[in-house]
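All values derive from a computational prediction rather than experimental measurement. Computed from heavy atoms alone, side chains included, the values below leave out hydrogens, waters and symmetry copies. Residue numbers start at 1 and run along the sequence shown.
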Amino acid sequence: MVTIRLSRGGSKKRPFYSILVADQRWPARGRFIERVGFYNPIAVGREVKLRIDTDQVDHWVSLGAQPSKRVSQLYKQAKAASTADPVKEEKPGALDNPAQPAKAAEPAESSSSDTAKLAESAESPGPVESQPAKPA
């Protein structure tokens, strides 16, 4: 039977887990079919704590793979986080006035041309004056 389980890595007192698809007869730290994510329980600050390829997990579950209890919990967390992200990206009031995005696009175009001009000036240093120094 194929299972989706955690495989511990990292060092002493600093665990790091890979989420693997593997045959249940294979050792936990041995062979695996596919790595579908990771879990870092001691992530601090901007470090990513959990990343799971939910599409791949869905694919393996549809083929009959059985996730472990802990992987099931982590999968639910990842699904909840992935459905919450698009709501955060949506700007409030964007649907109220459809003319706003068109006006907002105009300054972006001019700033992109300004950026292009800066990039050109950075690439070519311009004319260099090569006059010999006058002896005193």
K.L.:
Are Leu6 and Val61 linked, directly or through other ILVMFWY residues, by side chains that come within less than 4.5 angstrom of each other?
P.N.:
yes
K.L.:
Could you work out, with salt bridge (Lys or Arg N to Asp or Glu O under 4.0 Å) as the rule, every residue matching Asp53, not counting sequence neighbours?
P.N.:
none
K.L.:
Could you give all pairs that pass the salt bridge (Lys or Arg N to Asp or Glu O under 4.0 Å) test and reach residues 66-80, with sequence neighbours left out?
P.N.:
Asp58-Lys79
K.L.:
Through direct or indirect side-chain contacts below 4.5 angstrom among Ile, Leu, Val, Met, Phe, Trp and Tyr, which residues connect to Phe32?
P.N.:
Leu20
K.L.:
Side-chain contact, heavy-atom cut-off 4.5 Å: Val48 with Phe38?
P.N.:
yes
K.L.:
Give the minimum heavy-atom separation between Pro15 and Ile42, together with the two atoms involved.
P.N.:
O-CG1, 4.1 Å
K.L.:
For the residue pair Ala28 and Ser7, what are the closest heavy atoms and their distance?
P.N.:
O-OG, 3.1 Å
K.L.:
Would you mind reporting whether Leu63 and Val2 have side-chain heavy atoms less than 4.5 Å apart?
P.N.:
no
K.L.:
Sorted by first residue and then second, give each side-chain hydrogen bond (donor to acceptor under 3.5 Å, both in side chains) pair with at least one member in residues 42-52; sequence neighbours left out.
P.N.:
none
K.L.:
Sub-3.5 Å donor-acceptor pair from the side chain of Thr3 to the main-chain atoms of Gln66, do we have one?
P.N.:
no
K.L.:
Hey, could you give me each pair passing side-chain hydrogen bond (donor to acceptor under 3.5 Å, both in side chains) that has a residue in residues 21-33? Not counting sequence neighbours.
P.N.:
Asp23-Arg25
K.L.:
Output all residues satisfying side chain to side chain donor-acceptor pair (under 3.5 Å) with Glu34, sequence neighbours left out; order by chain, then residue number.
P.N.:
Gln56, Trp60
K.L.:
Of all the heavy-atom pairs spanning Leu50 and Leu74, show the shortest one and how long it is.
P.N.:
CD2-O, 3.5 Å
